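Quick notes on the structure that follows.
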Amino acid sequence: MFAFLRNWRRRRILRRHRIPADLWQSVIAGVDAAAHLSAADRGRLRDTASLFLYEKFMEAARGMVLTETVRARIACEAAIPILNLDLDYYHAFYSVIVYRDPFLVRDAWRDEAGVVHTGEEARAGEAWLRGPVVISWEDVISRGHGYNVIIHEMAHKLDMLDGSANGRPPLHRGMDQARWTAAFSEAFAAHTADVEAGRHTDIDAYAATNPAEFFAVASEVFFEAPRLLGSVWPAVYDQL
């Protein structure tokens, strides 16, 4: 009964609030992660993005102007990781804060000697455990092979569904937890070793930061450059 009512409500919302066809075509043409989708899948993506726009609040920060094109582009890319899941996977947050360019965050870290340092760091995106997603529009429109700041931050939100960002989102029924752990642990260890040794890596060195960032970066590459991920980390590709 609940599913019936939810779907009825969504159909009603879409009749009134579906992203206009001309706007959708102009937006999706610039989204690399949607290039491989069939016409039917693009239709489902349009519906999911429209529902995302209806249910989430977008807030502009520091001079950013949220045009309809900007809002639709963000919704489109946010919808990609959950296209074959459900919008309910994003139930734990309600807003997206959009900066015009990278934003400064005051951070604290402890060095190997145990000394705590503080400073400001420029970031392209951020996902809070109990709060919003924050992104830089400059980084949204920056194209790079396997790079997508929105998918990255949405992957963090999926990872956080079990209460922490640890690189292990809740798995689907029937998936083998041991296989997931082995695939990601082995790839993370190999990638970290390459980065620490100064060797070239085909996938962003930032993935070596910790398991949560590894999962988020792997998710970016899975949707943006799946062949690259399949060639570098085939077991991770299979799990995703």
Side-chain angles (χ1 to χ4, degrees), residues 3 5-61 64-100 124-127 131-144 146-161 169 216 219-226 240:
L5 292 174
R6 180 194 62 190
N7 293 335
W8 173 83
R9 175 179 174 272
R10 288 179 176 178
R11 287 193 297 270
R12 185 176 181 185
I13 291 169
L14 288 171
R15 283 197 295 269
R16 300 180 180 180
H17 301 284
R18 184 178 277 114
I19 297 171
D22 55 346
L23 173 59
W24 177 250
Q25 291 303 321
S26 68
V27 165
I28 200 171
V31 177
D32 291 342
H36 66 285
L37 296 178
S38 67
D41 284 343
R42 288 185 174 208
R44 292 193 300 115
L45 185 65
R46 179 186 175 191
D47 287 350
T48 304
S50 300
L51 292 168
F52 182 93
L53 277 180
Y54 182 82
E55 294 192 1
K56 308 301 180 185
F57 176 74
M58 289 192 193
E59 180 179 355
M64 182 64 196
V65 177
L66 290 177
T67 65
E68 289 305 303
T69 298
V70 169
R71 296 177 75 252
R73 170 69 177 268
I74 292 171
C76 176
E77 296 193 2
I80 287 171
I82 58 165
L83 179 59
N84 289 322
L85 299 174
D86 188 87
L87 188 60
D88 286 347
Y89 276 72
Y90 288 161
H91 74 273
F93 74 99
Y94 300 97
S95 61
V96 179
I97 300 173
V98 188
Y99 284 80
R100 185 174 54 189
E126 209 173 43
V133 169
V134 188
I135 57 171
S136 152
W137 177 248
E138 179 181 299
D139 286 271
V140 171
I141 59 177
S142 296
R143 293 195 173 205
Y147 178 78
N148 189 301
V149 66
I150 296 176
I151 291 177
H152 184 104
E153 300 308 330
M154 295 302 164
H156 280 316
K157 280 298 186 182
L158 296 177
D159 187 9
M160 293 171 180
L161 285 173
S219 297
E220 290 180 77
V221 184
F222 178 76
F223 290 107
E224 286 278 322
L240 290 175

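Quick caveat, the model's predicted, so the values are computed rather than measured.
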Listed once per pair and sorted, the side-chain hydrogen bond (donor to acceptor under 3.5 Å, both in side chains) pairs that draw on residues 73-93, sequence neighbours left out: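 Sorted pair list: Arg6-Asp88, Arg10-Asp86, Arg10-Asp88, Arg44-Asn84, Arg73-Glu77, Glu77-Asn148.
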
Heavy-atom closest contact ([X] atom, [Y] atom, distance):
X: Ala72; Y: Leu53; result: CA-CD1, 4.3 Å
X: Ala92; Y: Lys157; result: O-NZ, 4.5 Å
X: Arg42; Y: Ala34; result: NH2-O, 3.3 Å
X: Ala21; Y: Arg46; result: N-NH2, 3.3 Å
X: Ser50; Y: Leu14; result: CB-CD2, 3.6 Å
X: Ala124; Y: Val149; result: O-CG2, 3.5 Å

Once side-chain contact (heavy atoms from CB on, under 4.5 Å) is applied, do any residues pair with [X], and if so which ones, sequence neighbours excluded?
X: Arg12; result: Trp8, Arg15, Arg16
X: Ser26; result: Leu23
X: Ala49; result: Ile19, Trp24, Ala75, Ala79
X: Phe222; result: Leu229, Tyr237, Leu240

In Å and rounded to the nearest 0.5 Å, what is the [atom1] to [atom2] distance from [X] to [Y]?
X: Glu126; Y: Tyr99; atom1: CD; atom2: OH; answer: 8.5 Å
X: Asp159; Y: Met154; atom1: CG; atom2: CE; answer: 14.0 Å
X: Ile74; Y: Ile150; atom1: CD1; atom2: CD1; answer: 5.5 Å

Test of understanding: with salt bridge (charged side-chain N to carboxylate O under 4.0 Å, His left out), list the residues that count as partners of Glu55, not counting sequence neighbours.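 For Glu55, the residues satisfying salt bridge (charged side-chain N to carboxylate O under 4.0 Å, His left out) (neighbours in sequence not counted) are Arg9.
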
Walk me through it: do Leu83 and Leu37 pass the test side-chain contact (heavy atoms from CB on, under 4.5 Å)? CA-CA 11 Å; Leu83 179 59; Leu37 296 178; 4.2 Å; yes

Are any non-hydrogen side-chain atoms of [X] and [Y] less than 4.5 angstrom apart?
X: Met64; Y: Val70; result: yes
X: Val31; Y: Ile80; result: yes
X: Val134; Y: Glu153; result: no
X: His36; Y: Phe223; result: no
X: Leu161; Y: Pro169; result: no

Just to verify, what does Glu138 make a side chain to side chain donor-acceptor pair (under 3.5 Å) with, not counting sequence neighbours?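 Side chain to side chain donor-acceptor pair (under 3.5 Å) check on Glu138 returns nothing, list empty.
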
List the residues meeting side chain to side chain donor-acceptor pair (under 3.5 Å) with Ser136, not counting sequence neighbours, and say none if there are none.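 For Ser136, the residues satisfying side chain to side chain donor-acceptor pair (under 3.5 Å) (neighbours in sequence not counted) are Asp139.
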
Mind checking ring pair (Phe, Tyr, Trp, His ring centres under 6.0 Å) for Tyr147 and listing every partner two or more places apart, or none if nothing turns up?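 Scan of Tyr147 (ring pair (Phe, Tyr, Trp, His ring centres under 6.0 Å), adjacent residues dropped) gives none.
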
Residues two or more places apart in sequence or in another chain: which of them pass ring pair (Phe, Tyr, Trp, His ring centres under 6.0 Å) with Tyr54?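 Testing Tyr54 for ring pair (Phe, Tyr, Trp, His ring centres under 6.0 Å), a comparison that skips the adjacent residues, returns His17.
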
Exam field: side chain Glu220 to backbone Ile151, donor-acceptor pair closer than 3.5 Å: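 Checking the backbone N and O of Ile151 against the side chain of Glu220, no donor-acceptor pair under 3.5 Å is found.
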
Begin from the C-alpha positions of Phe52 and Arg71 and carry the test side-chain contact (heavy atoms from CB on, under 4.5 Å) through to its verdict. CA-CA 10 Å; Phe52 182 93; Arg71 296 177 75 252; over 6 Å; no

